[in-house]
Amino acid sequence: MKTEAVVNAEIELLTAIKNADVSTLEKILHDDLLFNLPDGNTITKDFDLDSYRSGKMQVESLEASDQIINIIDDIAVVTVVVSLKGTYDNTPINGALKYIRVWKQFDENLKVVAGSCIPLA
């Protein structure tokens, strides 16, 4: 696995999130994904996709910075700060979140298998 492939996968993921592109998210997120939200809840791929399909998750703007990528065999661990503005279920979201994502190589495809995010003060 090359760092460039992970950088490109991250760009594809963030673009899909910004555009609520469910078909791309379906491809990038592993079926057994577990993701911890800032409130302590753990969500699955289906929950995440449903939030975009239903329109509950609306992203106005999204900007990534401070990305760190560690590659360990067929896994990449990525930390990144994302400045996010939008709404979830009509509740405003506006601030910086620190994400950690675990990508795994499956044949030719990279997929997110796990992740978490916390708000930054």
Side-chain angles (χ1 to χ4, degrees):
M1 181 183 312
K2 294 189 178 339
T3 302
E4 182 181 346
V6 179
V7 168
N8 289 338
E10 278 281 317
I11 291 168
E12 187 178 15
L13 174 67
L14 293 175
T15 302
I17 289 169
K18 185 175 180 182
N19 297 327
D21 180 349
V22 175
S23 62
T24 298
L25 291 171
E26 174 80 43
K27 182 182 77 164
I28 292 175
L29 302 178
H30 190 273
D31 288 345
D32 294 322
L33 168 77
L34 292 177
F35 189 92
N36 290 330
L37 297 173
D39 65 6
N41 284 315
T42 301
I43 62 169
T44 61
K45 175 181 179 175
D46 287 339
F47 184 96
D48 197 30
L49 293 178
D50 285 346
S51 71
Y52 289 99
R53 271 191 206 104
S54 68
K56 274 188 179 180
M57 184 67 188
Q58 300 278 329
V59 177
E60 277 179 52
S61 65
L62 175 138
E63 190 175 311
S65 62
D66 302 325
Q67 185 181 66
I68 300 169
I69 299 172
N70 283 352
I71 296 176
I72 307 154
D73 296 327
D74 66 345
I75 292 174
V77 180
V78 177
T79 66
V80 64
V81 174
V82 175
S83 295
L84 183 63
K85 186 174 183 183
T87 57
Y88 180 78
D89 205 12
N90 297 316
T91 302
I93 302 168
N94 190 2
L97 298 157
K98 179 97 179 220
Y99 284 80
I100 187 165
R101 275 191 278 274
V102 180
W103 292 85
K104 184 173 181 349
Q105 185 83 47
F106 293 93
D107 299 320
E108 297 301 311
N109 301 312
L110 283 171
K111 292 185 180 261
V112 180
V113 296
S116 185
C117 70
I118 58 168
L120 298 178

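Position 1 is the first residue of the sequence, and the numbers go up from there. Every heavy atom of this structure was used, including side-chain atoms; hydrogens, water molecules and symmetry mates were not.
Using a cut-off of 4.0 Å between Lys/Arg side-chain N and Asp/Glu carboxylate O, Arg53 and Asp50 are scored as salt-bridged. Taking 4.0 Å as the cut-off between side-chain N and carboxylate O, Lys18 and Glu60 do not count as a salt-bridged pair.
Criterion: ILVMFWY side-chain heavy atoms under 4.5 Å apart, direct or through other members. Under it, Ile72 and Val102 are part of a common hydrophobic cluster. Note on Leu34: it does not cluster hydrophobically with Tyr99, by side-chain heavy-atom contacts below 4.5 Å among ILVMFWY residues. Leu120 and Leu37 end up in different hydrophobic clusters when Ile, Leu, Val, Met, Phe, Trp and Tyr side chains are linked at under 4.5 Å. The cluster map of Ile, Leu, Val, Met, Phe, Trp and Tyr, joined by side-chain heavy atoms under 4.5 Å apart, puts Ile100 and Ile43 in different clusters. Under a hydrophobic clustering in which Ile, Leu, Val, Met, Phe, Trp and Tyr are joined whenever their side-chain heavy atoms come within less than 4.5 Å, directly or via other members, Phe47 and Met57 fall into the same cluster.
One finds the CG atom of Leu110 at 11.0 Å from the CG atom of Leu13 (value rounded to the nearest 0.5 Å). Within the model, atoms CD of Glu10 and OG1 of Thr3 stand 12.0 Å from one another, a figure rounded to the nearest 0.5 Å.
Two residues are said to be in side-chain contact when any heavy atoms from C-beta on lie closer than 4.5 Å; Lys111 and Ile28 fail this criterion. Side chains of Glu12 and Thr24 form a contact here, defined as non-hydrogen atoms less than 4.5 Å apart. Contact of the Asp32 side chain with the Val113 side chain is not registered, since no non-hydrogen atoms from C-beta on lie closer than 4.5 Å.
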Do Leu33 and Val112 pass the side chain to side chain contact (heavy atoms under 4.5 Å, CB included) test, and can you show the C-alpha distance, the side-chain angles, and the key distance before you say yes or no?
-> CA-CA 7 Å; Leu33 168 77; Val112 180; 3.8 Å; yes
Given Ile17 and Leu25, is the side chain to side chain contact (heavy atoms under 4.5 Å, CB included) satisfied, shown in steps?
-> CA-CA 8 Å; Ile17 289 169; Leu25 291 171; 4.0 Å; yes
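The shortest non-hydrogen separation linking Glu26 to Leu49 is OE1-CD1, 3.2 Å. Considering all non-hydrogen atoms of both residues, Leu97 and Pro38 come closest at CD2-CG, 4.3 Å. Between Leu14 and Ala64, the shortest heavy-atom contact is CD1-CB, 3.6 Å. Between Phe35 and Ser116, the closest heavy-atom pair is CE1-N, 3.4 Å. Nearest approach of His30 to Lys45, heavy atoms of both residues: O-CD, 3.4 Å.
Within a 6.0 Å sphere centred on CD of Gln67, other residues, nucleotides and ligands contribute more than 12 heavy atoms.
Using modelled atom types and a 3.5 Å distance limit, the side chains of Asn41 and Asp39 yield a donor-acceptor pair.
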Run the side-chain donor-acceptor check on residues 74-96: report pairs under 3.5 Å with partners two or more places apart or on a different chain.
residue	atom	partner	partner atom	Å
Asp74	OD2	Lys104	NZ	2.6

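Judged by distance alone, with hydrogens and angles left aside, the side-chain atoms of Asp48 form no donor-acceptor pair with the main-chain N or O of Thr44 at under 3.5 Å.
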